[in-house]
Structure formats: structure tokens, C-alpha cells
Chemist: 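Mind looking over this structure? Questions follow.
Chain A is the first sequence line, chain B the second, and so forth, proteins listed ahead of strands; every chain is numbered from 1. FYI, side chains are in, hydrogens and waters are out, and symmetry mates aren't considered; it's all heavy atoms of this structure.
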2 protein chains.
Amino acid sequence: MKLSTAEENYLKAIFKISEKAKKSASTNAIAKQLSTSAASVTDMLKRLAEKELINYEKYKGVTLKVAGIKQATQLIRKHRLWEVFLVKKLRFSWDQVHEIAEQLEHIESEELIMRLDAFLDYPKFDPHGDPIPNADGKFTIRSQTPLSDMHKGQEGMLVGVKDHTTEFLKYLNSLNVKLGTMITVIDSVPYDGSMSVNLDNKNVIMITATVAQNLLIRKV
Amino acid sequence: MKLSTAEENYLKAIFKISEKAKKSASTNAIAKQLSTSAASVTDMLKRLAEKELINYEKYKGVTLKVAGIKQATQLIRKHRLWEVFLVKKLRFSWDQVHEIAEQLEHIESEELIMRLDAFLDYPKFDPHGDPIPNADGKFTIRSQTPLSDMHKGQEGMLVGVKDHTTEFLKYLNSLNVKLGTMITVIDSVPYDGSMSVNLDNKNVIMITATVAQNLLIRKV
DNA sequence: AATAATTTTTAGATTAATCTAAAAATATAT
DNA sequence: ATATATTTTTAGATTAATCTAAAAATTATT
Ligand SMILES: [Mn+2]
Ligand SMILES: [Mn+2]
Ligand SMILES: [Mn+2]
Ligand SMILES: [Mn+2]
């Protein structure tokens, strides 16, 4: 089924909300995610329900039907593959690619994505450490912990970030923190959750609890 | 100025028609080019005139203003760069890329095109031999003759095609005719304009006048 | 120059996607 | 359990882009 860009974006939003909350997505949550009005969301939900992509009952939230999940997953696959292309091939920085990928993900061509995937050597993760679903929609899973949950002395590698905003990523750039950086917890302050951590066994820096919550570590 | 996909496509259509006919584009010609109704064209022309992109007077044709030429040229640049990417990097065949490039050309990011251009090593021509305007909108010009205008004994290299349809390009594939192929006119039949030509000093084939008109040769 | 043919424009509808404001339903707090 | 607050839906408009059918303007033909 051929969907409009707007329809695709709604499905992706519902997918992301359900994934995070592990329950049905509310009208307001979708509106917030897409920076649109609740009224617009209701309109669109009717249309998506009509097309059998979501389960929708007035005043209850929505969940994706199988067809909807498939569409959302493919869209995420396309988004993340394009992000890899932009970073690996065009040498964009990880804080510059999201906007462009938001556009590229809507290009319609199965063949294009197959070839792009091959060209990039079938990457499993995008530049932010998010898993790229394969052509069948399967995500690679990986054990990871927010740095904020780690204790003094524990060590691991940065494998992902939760916050994808340009501001956060640029801040990490300024700290010289990137995917692959080895992080060891030197100390953590119970009072405010801030931490001092060692980077690649070189320098020690201080970070706030908020930052620590947004750094995903694979422990060694 | 940020334009919609539809607006961009109209500007490109007007550019192509004016380029070929070397005069103003008529409502009907634009409608035909875009497979839409004349009424829709009139609607859009009013909008584009309002935005100072075209010169439009009722019942006269339209011409592009400077801003319109700039937009159309940039769009063509993007289209052709993406076609190069698809063929050179993703290994698509030249008959498969136009549709996808029609979508990709509307992705909005100056930075993306700059980087894509560099990644592709600043190509001057696309996979169909069409010139790629540079960032300033300048086209490389090249002397070329339709094969149909050449005479017995003349020789040259295939540098472009006039017809960009999948059917024509696939037919050329089947003849093993591609950009770079050396073509020598063995004989031409005045009666119907058909020709027998030698390819790369190997085999001789027969082609019709129509085919010969669509092959652009740089004579040696 | 009058008539016919063609082209172009206008008029009026339609569809997707959006909005604001008001009404209705649901959830929360007293 | 009633009142209040929040969420969600409906009602009614708007805008871009399209369409068909009819009217108007232009061009071609007798
Ligand atoms: Mn992204
Ligand atoms: Mn990402
Ligand atoms: Mn093309
Ligand atoms: Mn081309």
C-alpha cells in the first residue's frame, strides 16, 4: 500500500511512542511527538484505521496493526540507513543527519534501499547507536545500560545515545565523547546524580545526571 | 525561497520546454510535460507569477525570471547528481534511475548536494550524457551531433541520448550500445533514413532513423 | 471577414492535511 | 459522588493541488 508522507510519519510516531511506553499511544502523545494539534491527530487516526493500519477506538489510545508495524519498521530502516550513508559516505557529523534523513526516509523504492544497504555493508546500527531493522523488520538487540545506572569503578563502551537533539550531540562532540568511547565511572554524587568519569583511560570529566541518563553503555 | 515539490516540478518543466523550443512555454505544453490538465497549469502559473518566479500574461506563454531559472537549474543539478550516485555507487543501470531521481531531487539541503557532488568527484555529465550544472548554475557545453546527421564513413563516440525512456535505454542495452561506444557510419539508406553502423570496430548493426536521431555523437 | 478549431482561462468541486474553538468524554481531586 | 481538570473528539474553516465542464480568447481556415 502506498502511503503519504504524513501517514508514514504518524505510523512512525505511534511506533516510537508505543515502543517507549510499552502501551497504546494517546492522541496527545502523538500530537506532541509530531508538533501538531490533537484535532489533526484524531483526523488522521480515523484515516489510518480506515486503511487497517491501526487499532483505534474513540477515547482509547491506538496501537499498530501488523501492516502498520511493517510500515513503521521499514520507515525506521530507511531513516537509519540514510543516516549511515550521510555519516560514513558523505562525512556528515552525527548531529547533522537527522533532518535530512527525515526527508530521505520517504523516498519510495525497495530496490534503492536494498542497494543502499549493500553499499553500506549491511550496517546493524546507525550513527547514534540505534539498531537498523533488516529487510524483514528484525532489530538486533544488544544489552546496554544508561550510564546513570552504573556504579563507581564500572566500565564500558558508549554504544548509543537516548537524546538525539543537535544540542546534546554537539555537547558530546565538545567533550570528545563519541560512540566507541570507553567510559569508567570514577565517582558518582548521590546528592544530584552527577558523575565524574574517565574517557578512554585518558582524561576525567564531570557530567550531570541528565547527561548520564542519555548515554547508553555496553558494560565490559 | 522554499518551494513545494509541485512548484519545483512546474519550474523544471517550463525550463525544459523553453530550452528545447527556445521560446516561451505554452500552457498546453506544460500540461503535457507534467501529465496534468491545462486548468491546473493556469492555477499554478498564477501562483508562480505571484512569487516572481515567472513572467506570465494571460493567453501569452510563460518565461522564467532569473529566480525561476536559478531554481530550475538547481533542481536539474540535483536530479543529475543523484542519477550519477545511483549508477556509479549503487550500480543501478541507466534505465532505472530517472524515477528515483525524480524523488531525490526534491530533498532540501544545500550541504547535502555539496557533499554529494564532492563524493562523486564533481561529475560534469549524468549517466545519460546530460550536462550537470555546477553550483553556480553553469552547464558544460560540448559539441555533439545526432547520429542521423552523420554521413557514410564518419566516426565518433556516443556521448548522450535524447530519448530517456526506459524502453529506449533497454533497447540500447540489448544492442550493447552505451556511452563511450565508438560508432562508425557504414551506410545510410536515403529512403527511410535507417543506417548500418559499426560498434567499437567490432560488429555491425542496423538501426532505424528514429534510433539514430536519439543518439548524440561527438565526432572524431 | 466570418466561421471553425484550438487554446486558455474561469467557475465550481474535491481531497488531503492542517488549524482553532467548542463540545463531549474521561480522569483526578476534593 | 461531585466538582474540576484534562483529554479527546467534533464542527467548521483554510490552503495547496488537483479535477471537469463551460466560457472566453486566440489562431487557423475557408
Ligand atoms: Mn534520526
Ligand atoms: Mn539515528
Ligand atoms: Mn532523469
Ligand atoms: Mn539523466
Chemist: Below the 4.0 Å mark, does C/dT6 have OP1 or OP2 next to a side-chain nitrogen or oxygen of B/Asn28?
Modeler: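 Answer is no, no contact under 4.0 Å.
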Chemist: Establish, yes or no, whether the cationic atom of A/Lys89 lies under 6.0 Å from the six-membered ring centre of A/Phe119 and within 45° of the ring axis.
Modeler: yes
Chemist: Does the side chain of A/Ser26 come under 3.5 Å of the side chain of A/Asn28 through a donor N or O and an acceptor N or O?
Modeler: no
Chemist: Does B/Tyr56 put a side-chain nitrogen or oxygen below 4.0 Å from OP1 or OP2 of C/dT8?
Modeler: no
Chemist: Based on the rotation axes of five pairs at each end, what angle does the helix from C/dA1-D/dT30 to C/dT30-D/dA1 bend through, to 10°?
Modeler: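 The angle, to the nearest 10 degrees, is 0°.
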Chemist: Using the side-chain hydrogen bond (donor to acceptor under 3.5 Å, both in side chains) criterion, which residues pair with B/Asp192? Sequence neighbours excluded.
Modeler: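 Checked B/Asp192 against side-chain hydrogen bond (donor to acceptor under 3.5 Å, both in side chains); matches are B/Ser194.
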Chemist: Is A/Arg77 reaching over with its side chain to a backbone N or O of A/Ile132, donor-acceptor style, under 3.5 angstrom?
Modeler: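 No: the side chain of A/Arg77 does not pair with the backbone of A/Ile132.
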Chemist: So, is B/Thr42 close to the C/dT10 phosphate, meaning a side-chain N or O under 4.0 Å from OP1 or OP2?
Modeler: no
Chemist: So, A/Glu110 and A/Arg115, do they make that salt bridge, N to O below 4.0 Å?
Modeler: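 A/Arg115 and A/Glu110: not salt-bridged.
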Chemist: Less than 6.0 angstrom from the centroid, inside 45 degrees of the normal: does A/Arg80 satisfy that with respect to the ring of A/Phe125?
Modeler: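 No - A/Arg80 does not lie over the ring of A/Phe125 by the 6.0 Å and 45° rule.
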Chemist: Got a sec, which pairs hit side chain to side chain donor-acceptor pair (under 3.5 Å) with one end in residues 128-142 of chain B, sequence neighbours left out?
Modeler: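 Of all non-adjacent pairs touching residues 128-142 of chain B, those that pass side chain to side chain donor-acceptor pair (under 3.5 Å) are B/Glu83-B/His128, B/Asp130-B/His164, B/Arg142-B/Gln144.
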Chemist: With 3.5 Å as the limit, what N/O pairs link the protein to nucleotides 23-26 of chain D?
Modeler:
| unit_1 | atom_1 | unit_2 | atom_2 | d |
| --- | --- | --- | --- | --- |
| D/dA25 | O4' | B/Tyr59 | OH | 3.2 |

Chemist: How would nucleotides 11-20 of chain D be written as a contact map, 5' to 3', with B for base contact, S for sugar-phosphate-only contact and - for no contact, using protein heavy atoms under 4.0 Å?
Modeler: -----SSBBB
Chemist: For B/Thr5, give me all partners under side-chain hydrogen bond (donor to acceptor under 3.5 Å, both in side chains), at least two apart in sequence or on another chain.
Modeler: none
